[in-house]
Structures are given as structure tokens and as C-alpha cells.
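Below is one structure, written out as C-alpha cells; comments come after it.
A, B, ... follow the sequence lines: proteins, then strands. Residue 1 opens every chain.
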Amino acid sequence: MSEGFRFRFAPSPTGNLHIGGARTALFNWLFARKTKGTMILRIEDTDRERSTQEYIHSILEGLEWLGLDWDEGPYYQMERIETYKEHIEKLLKQGRTYRCYCTTEILEQKRKLLLAKGEKPKYDRQCRSVDQNLDKPYCIRFLAESSGQTVVNDLIKGSVTFNNEEMDDLVIQRTDGTPTYNLCVVVDDVAMKISHVIRGDDHLNNSPRQIQLYSVFGYPIPAFAHLPMILGADKARLSKRHGATSVLEYREQGYLPEALINFLVRLGWSHGDDEIFSREELVQKFSIEAVGKSGGIFNPEKLLWVNSHYIKEKTNAELLTLARPFLDKAGFIVKDAEAAGAALGSCKEKAKLLTELVQGTGFYFKEEIVIDPQARAKFLAPNQIELLKKLHEKLGAVENFTEERLKQAFEETLGETGKKMGDLAQPMRVALTGGTISPGIFEVMALLGKVRTLTRLDRALVP
RNA sequence: GCUCCCCUCGUCUAGUGGCCUAGGACGGUGCCCUCUCACGGCACAAACACGGGUUCGAAUCCCGUUGGGAGCACCA
């Protein structure tokens, strides 16, 4: 048995699972499932200042909602401190580290100075030639290669060459003794036998520095794939000011996980002219070669369209399950699951979000409807009331409120009065739903049933 | 400022030298359907960033320019 590929999603719990993170997770997941490899979840929580337990929960919940499962983990970096320490020790023995006593203020000054001179603000290695046994707080830096080149062979961007002189001497251990990101990723990716590092292309510049670490440790270098960024409408990296960034916010707004997945995968990946992909199709059709190089703008309208597509595909029973939290929130009580499902189903053609779907079914769930004054003025004028009264007589005689039978009653009324369907349907709609927008009028009546239909009609007939 | 990445309709993209009069999708516009709103159907407008090459032939290959993005933390 050959060993399969291994992938990881490694978020830091310094925020909720956001759109960009979700897509990184998705691409890793797709590649893992496609190749029958292993998906690993690792929480990069070495930033103790900003990492929180709430964010960890939020990230896990987001992944779960999207259906992006993992085979190993979650591993927590804070539980692996000893391993990092050992590796720092190794580097020390190889003479590739040195203590740096420079304070944040001093470093800040140096940066400003270099920037003002028009140079790249990298550390000047001053402490390298300073006594290593001073009784002062210190951090540990990695002595980087200062000549030659480092090549990143990226599955998406191709081969990218960096001059080593561009590289800075990274801080690998903070003054408080905790290791930092660039060291931890390398140590962990090796320890977890990661074969493919798939991450956002904001990390592309980190890759050569990490490759240097792999080399010094004598570890094999994994394959890299740097995904292009997701941008806002102004082409700046997606952030809070572009609207919702947390995946869970989309759940609250009434999006379906499969819609978000489908939308996200199409941002930077394509398969001919196809737009809609089931989870199974994605796993089958996904390939890293088809991932684009350029950043993509997050287009909320398209997301909405994808979502409406998936809502339309749902059965009544599925809609009821999905809409449940929103119904509860609206205070709508489900007495008859089948009828409630049918009510939701009657509105699915016009709903782009689950929240809209539930709003649309208010006429069904509310015991007492309130008639919109404008709608009343326009559609419940005296002559229209007369027409409704005629219809009322017919309806009283109708035993079963089936759409077919109701249509018949309408047509009879219209035949006797010479009016058109619109003349009758619209006033009826206002009488039964309180507004001018609803599913087909016969469907509404069938859904409400004879008793409620006639009660509402009675009430509407007295101004 | 320096380093790296990127560039096909407004947006996501198809396209790997002739199939391109550049295709699809979202959005937009118009028409049809129709008991309202939608759904749906049909149609229209809309792009190869620019400039040089290479070639019989370039959206596709090469060079340069402009433009956009990312990184340059004791954040990840």
C-alpha cells in the first residue's frame, strides 16, 4: 500500500471562520477527498494574545456546517510546545540561531529608517555580533541564508524564485518563550507528514523562508499550492467592510451550505461551462490544474442566485427542516408538518434565502392577518367587495378545497360577471394574505383550507 | 520604497497558434408566459489592459509598459 497524500487546514483562532479561510479549507478538503488522502485540522494558537476558545468553537462549527470534515485532529499548537523547543535547540546546535536583545521600539525605529531610505525594512543582524550571554530579555532569531536563491515550486503559480538576500532573520522564539508561526508550520507539517500545503497566496512570500528551515532540518519539502485571494468589490482583500465575512453569518442570513460551497469553489476554479456542482461531482471533477492564478471578487449577487437554485431543489420536508430555526425565530408554530412544508414549498420559487422563504409564508402561519391599508384601498373597494361576496357564495358550497375545484368556483363567478381572473384573484389575495404578493391564489386557499379561507374572507368584507 | 504575484464582458470564467463573427453563468435591458410577485422561455447590450515582436496566422508564444494585489511583525 502506498501512502496517500496528506492535507491540512490550519486556521488561527484569532477570528471566526471567514470566507477566505473557508475556501482554503474547501480546496484542501476537495483535494484530499479526490485523491482519497487524509485531511488534517490544526489550530495555530501560538498567538496567546489574540487566540480565544470562542473562535475555536466558531471555526469548528463553521466547518461542520459546511460539511468539511477532517480525518485527524484538531491538533493544537500550544500542546506541542516541547516539539518546537527541541527544534529550536537543534538549530542552535547547528549555529543557525542567535539571541536578539533589540526591543520592539528599537526595531520599529530601524524599520522606519530603512523605509525612509527606500530600502526593504529587514533586520540588520546587529545582535549577531553581540555577547550571547547578556542578562537581558531576548528573542531567538533564525540565521537565514544570505546568498543564492530559493525556488518555490508552486502547483498553481509555477516556479517562483526568490533571492535569499531578500530574506530576513526570522524571530522563531518570542521573548516570552513561545515559538512563532514560521517555525511551527514547518515543524508541524513535517511531523504530520503533510504532502501538500494548500493555503492563501498571501503566504507565498513565506514559502522560501520556510523552505530554508526544511533544508536546514534536512526534511523533505512538501508540494505547495497558493490559492489566489478573494477580494471585495473594490478589489481590496475581503474584509468586514465588504459585508459579512464570517461563514456563520451566512447561515444566519439563510444561506444553504451547499450554495456557499458551490459559490466558493467557482471563485478560482472552473470545469468548462458548468456552474452547479453537487458535493459528489466536485470531489469527482476537482483538479488543482484547473485552479486559476488571479484573485477573484466576491460577488454577492451570484451567491444569492446559487442559493435560490438550491432552495428550489429542496423537497417540502427538507425545506421544513432547514427553515425550522427561522420559523422559531419568527414565532411561527408548526402544527401540521406536512401542511407547513407545503406552505414553505409554495414560496420557494421566489425565495433567495431561507429567511425570505419564511417571511413569505407569514400568511399561512399567522392566525390573524393584518391587511395592508394601501392594498385595501386598491383592491377592496365596494365593487370589488361585491365580487368577493359572489365568490363567497360559491365557495360555501365547495366541499373539498382542491386547487382544481377552487379554480372552477372562480371561473363560474367570472363567467356570471364578465370579469377577468385578475379582477377577482387580486382582491382575494389581499383578503387572505393581507398583501398583494403571494403564491398562486388557489394554492393559498388550498393551503389555508375552507374554514380559514372563509373566516378571512368574511373579515375582509367588512371594512 | 523593495520583493513576489496577477490581468478575457460590470463580476465569476471557457479558451493551451487556425474550431473565435471570442462561448457560458451572475447581474442588466427588452419580449413572451401569467391571478400578484416570482420561476421559466427567448432575445439584446457587454471583454481579449497597452505597445512592440515571433508566425502564413495570436486572446493563446516572447519582450517591455501601465494597472491591480500580496508580503516586508516578538500576527498567522
Side-chain angles (χ1 to χ4, degrees), chain A residues 10-15 44-47 49-51 100 102-104 107-108 111 114-123 137-141 152 154 156-158 160-163 165-168 170-176 178 180-182 184-185 199-208 226 228-229 231 233 235-237 263 266-276 292-306 308 312 347-352 360 375 379 407 410 420-430 433 435-442 444:
Chain A
S12 70
T14 53
E44 309 213 323
D45 53 357
T46 56
D47 181 355
E49 301 276 306
R50 300 190 299 151
S51 299
C100 177
C102 293
T103 60
T104 327
L107 292 172
E108 191 55 36
R111 256 194 296 277
L114 286 168
L115 228 33
K117 282 202 291 183
E119 286 173 38
K120 194 167 181 169
K122 62 175 200 174
Y123 182 60
Y138 64 89
C139 67
I140 298 178
R141 285 183 186 270
V152 180
D154 192 275
I156 294 170
K157 309 276 183 186
V160 183
T161 306
F162 294 84
N163 285 321
E165 58 182 346
E166 297 297 330
M167 249 80 83
D168 206 344
L170 289 171
V171 170
I172 53 176
Q173 186 179 96
R174 299 185 183 90
T175 307
D176 69 3
T178 55
T180 63
Y181 168 73
N182 278 294
C184 298
V185 248
R199 66 212 330 182
D201 76 6
D202 47 340
H203 284 289
L204 185 56
N205 289 290
N206 281 324
S207 298
H226 287 93
M229 296 277 92
L231 315 172
K235 291 193 173 180
R237 189 183 175 153
F263 171 76
R266 282 286 293 103
L267 212 52
W269 175 83
S270 61
H271 186 269
D273 286 339
D274 302 347
E275 292 289 346
I276 298 294
K293 292 181 178 184
S294 51
I297 292 174
F298 184 91
N299 182 347
E301 253 105 43
K302 181 127 183 202
L303 208 208
L304 230 30
W305 173 79
V306 178
S308 68
K312 287 188 196 80
C347 292
K348 72 178 175 182
E349 296 295 326
K350 47 176 132 281
K352 287 184 154 69
F379 293 107
K407 192 175 181 191
F410 265 63
K420 291 188 172 164
M421 188 57 87
D423 301 329
L424 186 52
Q426 226 18 23
M428 191 61 175
R429 190 183 319 281
V430 173
T433 70
T436 55
I437 298 171
S438 85
I441 194 65
F442 310 123
V444 169

Between B:A25 (C1') and A:His271 (NE2): distance, integer Å: 16 Å

Side-chain-base donor-acceptor pair under 3.5 Å for A:Thr175 and B:C74: yes

Base B:G40 to side chain A:Glu349, donor-acceptor N/O within 3.5 Å cut-off: no

Short side-chain N/O contact from A:Arg237 to OP1 or OP2 of B:G71, under 4.0 Å: yes

Atom-to-atom span, NZ of A:Lys235 to C1' of B:A70 - whole angstrom: 15 Å

Could you write out each protein N or O paired with an N or O of nucleotides 4-6 of chain B at a distance under 3.5 Å?
from, atom 1, to, atom 2, distance (Å)
B:C5, O2', A:Lys157, NZ, 2.9

P gap between B:U11 and B:U16, integer Å: 23 Å

Touch class at under 4.0 angstrom, heavy-atom based, for A:Leu107 against every strand present: base

Sugar-phosphate, base or nothing in reach of A:His226, heavy atoms under 4.0 Å: nothing

Residues in side chain to side chain donor-acceptor pair (under 3.5 Å) contact with A:Asp168, at least two apart in sequence or another chain: none

Donor-acceptor pair (no angle test) under 3.5 Å: A:Lys350 side chain, B:C37 base: yes

Check: A:Asp202 side chain, B:G71 base, donor-acceptor under 3.5 Å: no

Touch class at under 4.0 angstrom, heavy-atom based, for A:Gly435 against every strand present: nothing

Span that lies between the P atom of B:A14 and that of B:C74, in whole angstrom: 39 Å

N/O (side chain, A:Thr14) to phosphate O (OP1/OP2, B:C75) under 4.0 Å: no

Touch class at under 4.0 angstrom, heavy-atom based, for A:Lys117 against every strand present: nothing

Below 4.0 Å: OP1/OP2 of B:C2 and any side-chain N or O of A:Arg111: no

Glycosidic class, syn or anti, of B:C50 using a 90° window around 0: anti

Sugar-phosphate, base or nothing in reach of A:Asn206, heavy atoms under 4.0 Å: base

Nucleotide forming a Watson-Crick or wobble pair with B:U11, both distances under 3.5 Å: B:A25

Value in whole Å for how far the P atom of B:U34 lies from CZ of A:Phe442: 13 Å

Verdict with reasoning, A:Lys302 to A:Glu275, per salt bridge (charged side-chain N to carboxylate O under 4.0 Å, His left out): CA-CA 11 Å; A:Lys302 181 127 183 202; A:Glu275 292 289 346; 3.0 Å; yes

